[in-house]
Amino acid sequence: MKTTPVYEQIEKFKHDLDTCTKCGFCMSACPVYQEEKVESSVARGKIMLIRSLLAGELEVTDGLAEQINCCTLCMTCAQNCPAGTHVPSVITAARADKVERKGVPFPYNLIFRWLLPRRRLFGWVVRFVSWFQGVFMPKTEGTIRHLSFFFAALGKGRHIPEIAPKFLRQSVPVANKPLAGTPVTCTVGYFTGCMTDFVFPELGKKIIRFLNNNGVEVIVPQGQGCCGAPVFLGAGDFVNGRKMADINVKAFQDLDYVITDCATCASAMKDYVKFLANNEERKQKYSEFAAKIKDITEFLVDVLKLPPSAYRVAQEFIGKTITFHEPCHLGRYLGVKEQPRQILKSISDIKYVELPDADRCCGMAGTFSINYYELSKKIADKKADAIRSTGADVVVTDCPGCQIQLIDTGKRNGLPQRVMHIMDLFE
Amino acid sequence: MIDVKKIEKLRKIVGKENLLDSVEQLTAYSYDATNIWSHLPDVVVFPTNTEEISAVLKFANENKIPVTPRGGGTNVSGGSIPIRGGIILCTTKMDRIIEISKTNLNATVEPGVVLQDFQEALAKEGLFFPPDPQSFAGCTMGGVIAENSGGPSCLKYGVAKQYVLGLEVVLADGKVMKLGGLTPKNRTGYELIMLFTGSEGTLGVISKITLRLLPAPRSSKTIVAVFNDVAVAGETVTAIIASSVLPSKVEFVDNWTFEKFRGLLPGHILDSSQVILLIQVDGLPQTVEAESQQVVDICNQWASQIRVAADADEAEKYWQARGAHFSDIHNRAHTIINEDVSVPRDKIADFIRLGRESAKRHDVPISFAGHVGDGNFHPAVLTDSRDKEHYQRALKCVDEIIDIALNLGGVLSGEHGIGLEKQRFLKKAMDPLAIEMMKKIKDILDPNHILNPGKIWEESKE
Ligand SMILES: Cc1cc2nc3c(=O)[nH]c(=O)nc-3n(C[C@H](O)[C@H](O)[C@H](O)COP(=O)(O)OP(=O)(O)OC[C@H]3O[C@@H](n4cnc5c(N)ncnc54)[C@H](O)[C@@H]3O)c2cc1C
Ligand code: SF4
Ligand code: SF4
């Protein structure tokens with residue numbers, strides 16, 4: 001007799017699976033479908049494949065794994081779905097059930113299990129790799145270098161920024177107090193994320209300084225690690241994801257706010273409770289943790305309520321035209337849409353122009369862009385056209401992952417625009 | 001099942017990146033937007049030009065392999081289900097807009113262009129292709145023509161076939177035929193284009209389409225009117241049209257979908273009402289102003305609440321709520337039988353009344369929504385196919401509803417087509433002579449019956 005298989009994680013999102021009516025509203029919006037034009041790449045197709053999986057008509061084969069991996073989790077489908085089906089959740093769960101059966105493939109298994117949770121060791125490896133490449137790889141223009149291996153093969157010929165000579169957390173103390181004379185209004189924890197820590201430490205320093213100048217004491221807990229997004233969202237490795245979640249929750253347990261400059265880190269950490277809470281204790285801890293997380297622009301606008309005068313633009317950007325790419329994780333996941341725009345619009349020293357389809361996925365999506373670099377490039381090229389059309393001098397965003405993708409896209413497409421984090425604009 | 005050698009031959013024709021044959025990929029082509037139909041194809045091909053379509057059909061015809069054309073797979077009649085297996089010929093990779101001409105007011109497109117992409121490209125030029133099936137985010141131009149689709153705007157502007165100036169069609173044996181041209185007037189020979197509009201993929205594969213366009217209306221206004229009584233709402237529609245205003249859209253939703261309007265309209269009004277009419281008038285600003293006032297005045301006589309959307313954003317919210325009707329209803333029950341009858345406008349109130357009575361007799365829930373301005377309704381019977389007894393009652397109710405529509409002088413399908421879903425009603429909805437003629441035409445154009453076999457009429461059981 002045929003027994004129906006049990007998929008523990010997918011079952012938790014059975015409601016999303018059941019509500020899809022196959023209406024096809026998600027089709028024109030899906031960045032992957034727009035390029036591939038194949039049904040299995042769109043949300044509806046993925047839902048139908050996963051339904052067949054639950055019905056026992058399909059099994060977890062490489063072919064199926066391929067279809068559940070090939071998704072940027074951008075959430076555009078869910079935003080357009082009249083039935084309220086949240087496909088990215090179903091896909092994340094399916095990735096987890098796949099891992100449950102098939103394990104994590106090499107070399108990710110080693111990286112996830114041994115490297116990412118061990119911050120120091122990870123740092124050393126990154127450093128070693130960067131040194132190694134500095135020796136053997138040709139340098140390209142400016143600070144951009146061709147790397148063929150970066151955080152487990154981020155590269156594949158991608159233009160990515162050089163790994164910083166000194167990581168953020170080696171350069172700043174744990175407690176960063178405002179200068180004497182500036183009254184301390186609150187204390188926050190700063191979750192630095194891998195990208196800011198290893199690639200953009202100057203951004204991190206700027207953020208700390210900015211917060212200090214506005215009376216905020218910034219704690220950078222040494223115990224924090226990677227947010228886990230590539231591990232539990234990208235690869236579906238919930239076991240190691242949970243370890244990372246526990247590490248971060250502990251690192252920030254005594255703080256009321258967890259500030260991030262990376263929308264992906266922020267939303268991944270908020271989602272610990274949705275995907276990784278496997279007991280009541282974790283559920284409670286992860287929920288409490290989620291409530292403390294604030295994106296930097298959200299914190300500045302909604303909590304600190306800073307006046308426009310607080311945003312002093314660095315000399316080099318005065319008079320420049322700035323546009324803004326809205327990361328999927330910022331707008332759709334965190335619901336932070338207006339705050340960065342409000343900041344940009346309020347600054348009289350710059351001119352803000354809205355990017356056409358500003359919230360369209362840039363195609364980065366962490367591990368997705370490693371596994372599907374060609375596809376990721378095609379998705380990004382649409383972004384490049386939009387950026388070009390603005391005539392802006394600088395495109396800013398609020399996620400170092402998007403930033404890396406946009407830098408690569410800009411180089412490939414010969415875009416004149418500089419790519420920066422929104423917080424890079426300030427003194 | 002097609003054997004491996006044949007699949008290899010197809011792979012040669014379209015290239016390996018344009019053929020899918022893994023069980024996972026085939027599963028993704030086993031369904032459309034209907035509830036109950038599904039069947040696996042043996043292979044899916046994505047031709048990228050007319051020559052490839054031609055080569056695929058020639059090969060399939062020689063080997064008598066069924067070919068089901070497919071665009072977005074959003075139809076709700078089972079039209080793109082490969083019910084006999086074989087080849088799915090999917091046009092989604094032929095998605096170029098070849099030309100948009102402002103001076104000629106026409107455009108030529110490949111069949112896989114998504115309607116929404118086309119509409120957006122036209123909007124940039126101040127142009128307009130009115131047929132607007134509500135699946136615009138996924139449906140393709142080929143599908144729109146093959147189903148002769150319409151949507152809310154068809155009340156004023158007509159359905160897809162009224163916009164086709166020229167077609168390129170690949171016939172079952174692979175020959176490529178060109179019909180019509182670029183001009184709005186053309187009286188050369190039989191109106192063969194009309195054979196293919198609404199042909200549901202059974203007579204040929206549409207490989208290129210030239211469409212007539214209109215200048216985009218300068219302005220529009222959306223009016224929302226809420227009614228306590230279904231029949232009164234129906235009469236209001238009749239009264240509006242009789243007053244010589246032709247709105248671009250008049251849509252009807254009953255209280256099954258009111259949840260989507262919560263927050264947009266006062267809760268207590270929604271609680272005590274039965275129907276919402278969404279009305280749009282468009283044209284020159286002065287005309288829109290005058291006509292919307294006329295519509296408001298007429299509604300005022302019977303409606304319990306009237307809103308005129310202040311701006312495009314507010315209007316969009318109402319239209320989105322309307323657009324969510326399909327999924328909303330589909331999530332209310334395990335199985336939905338969604339019909340698509342169309343009745344003469346002056347019979348709208350009768351139709352709804354009789355339909356409700358029938359549902360009551362059979363003790364099944366029913367919801368009415370649709371493009372009421374042109375009498376086209378989507379009565380949906382909510383049931384559960386796993387509950388035999390309930391399901392039987394639902395089917396009986398649906399049979400009756402179709403009889404009611406036909407008796408009132410209406411038709412079986414306003415826009416969704418017959419496909420698999422409505423075959424069993426065809427005999428009572430169409431003159432037997434006309435059915436015979438369709439079969440003869442099919443025999444001429446597709447003697448081996450390879451194109452979308454098993455659709456529109458029930459095959460006699462030999
Ligand atoms: C939520 C929802 C709302 C809808 N609203 C409307 C509406 O308001 N009005 C309306 O009319 N319909 C509506 N539909 C039905 C459907 O979306 C339309 O019929 C649409 O035009 C189908 O286009 P498609 O590309 O998805 O075609 P498919 O579903 O892929 O195919 C439909 C039929 O056309 C044939 N076909 C497709 N491409 C070709 C080609 N190139 N050559 C020959 N034959 C071809 C197929 O074989 C099939 O028989 C709706 C559907 C949904 C799910
Ligand atoms: S929009 Fe939602 S309900 Fe419609 S097909 Fe996509 S996932 Fe399913
Ligand atoms: S999450 Fe994004 S990429 Fe994935 S199916 Fe949805 S729209 Fe497509």
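As the structure is a prediction and not an experimental result, all values here were calculated from the model. Every chain is numbered from 1 and lettered A, B, ... according to where its sequence line falls, protein lines coming before strand lines.
By the neighbour-count criterion of 12 heavy atoms within 6.0 Å, atom CD of A:Glu11 is densely surrounded, having more than that number from other residues, nucleotides or ligands. A 6.0 Å sphere centred on NZ of A:Lys14 holds no more than 12 heavy atoms belonging to other residues, nucleotides or ligands. Counted within 6.0 Å of NZ on B:Lys317, heavy atoms from surrounding residues, nucleotides or ligands total 12 or fewer; the atom is thus considered open. Within a 6.0 Å sphere centred on CD of A:Glu100, heavy atoms belonging to other residues, nucleotides or ligands number 12 at most. Within a 6.0 Å sphere centred on CD of A:Glu59, heavy atoms belonging to other residues, nucleotides or ligands number 12 at most. More than 12 heavy-atom neighbours from other residues, nucleotides or ligands sit within 6.0 angstrom of CG on B:Asp311.
Note: A:Lys22 NZ to B:Phe326 CZ = 8.5 Å, rounded to the nearest 0.5 Å. Atom OG of A:Ser28 sits about 7.0 Å away from atom CD of B:Glu120, to the nearest 0.5 Å.
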Report the C-alpha separation of A:Lys37 and B:Phe46 in whole Å, then their side-chain angles, then the decisive distance to 0.1 Å, and conclude whether the side chain to side chain contact (heavy atoms under 4.5 Å, CB included) test is met.
CA-CA 9 Å; A:Lys37 291 292 175 117; B:Phe46 299 85; 5.9 Å; no

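Both the backbone and the side chain of A:Thr19 come within contact range of chain B, with heavy atoms under 4.5 Å apart. Looking at A:Asn80, there are no atoms closer than 4.5 Å to chain B (heavy atoms on both sides), in backbone or side chain. Contacts between A:Val42 and chain B at a heavy-atom distance below 4.5 Å are absent for every atom of the residue. When heavy atoms are compared at a cutoff of 4.5 Å, A:Glu66 does not approach chain B at all. Both the backbone and the side chain of B:Thr74 come within less than 4.5 Å of a heavy atom of chain A. Residue contact with chain B, scored on non-hydrogen atoms closer than 4.5 Å, involves the side chain of A:Leu58 exclusively. Proximity to chain A is limited to the side chain of B:Leu20, based on heavy atoms less than 4.5 angstrom apart. Looking at B:Gln134, only its backbone comes within 4.5 Å of chain A, counting heavy atoms on both sides.
Residue with the most contacts toward chain A among B:Thr27, B:Thr92, B:Val23: B:Thr92 (heavy-atom pairs, distance under 4.5 Å). Chosen from B:Ser22, B:Gly73, B:Ser30, the residue pairing most often with chain A at heavy-atom distances under 4.5 Å is B:Gly73. Note on B:Val114, B:Asp117, B:Asp32: by heavy-atom pairs under 4.5 Å with chain A, the leading option is B:Asp32. When each of A:Cys81, A:Cys20, A:Ser40 is scored by its heavy-atom pairs under 4.5 Å with chain B, the top score falls to A:Ser40. Residue with the most contacts toward chain A among B:Gln25, B:Gln116, B:His325: B:Gln25 (heavy-atom pairs, distance under 4.5 Å).
Summarising the geometry of A:Leu49 relative to B:Ala28, their closest heavy-atom pair is CD2-N, 4.3 Å, with the distance given to 0.1 Å. The heavy-atom pair separating B:Tyr31 from A:Glu39 by the smallest distance is OH-OE2, 2.7 Å.
Inter-residue side-chain proximity for B:Glu24 and A:Thr61 is flagged as met; some heavy-atom pair is nearer than 4.5 Å. Residues A:Val38 and B:Lys93 have side chains in contact (heavy-atom distance under 4.5 Å, counting atoms from C-beta outward).
Judged by distance alone, with hydrogens and angles left aside, the side-chain atoms of B:Ser327 form no donor-acceptor pair with the main-chain N or O of A:Thr21 at under 3.5 Å.
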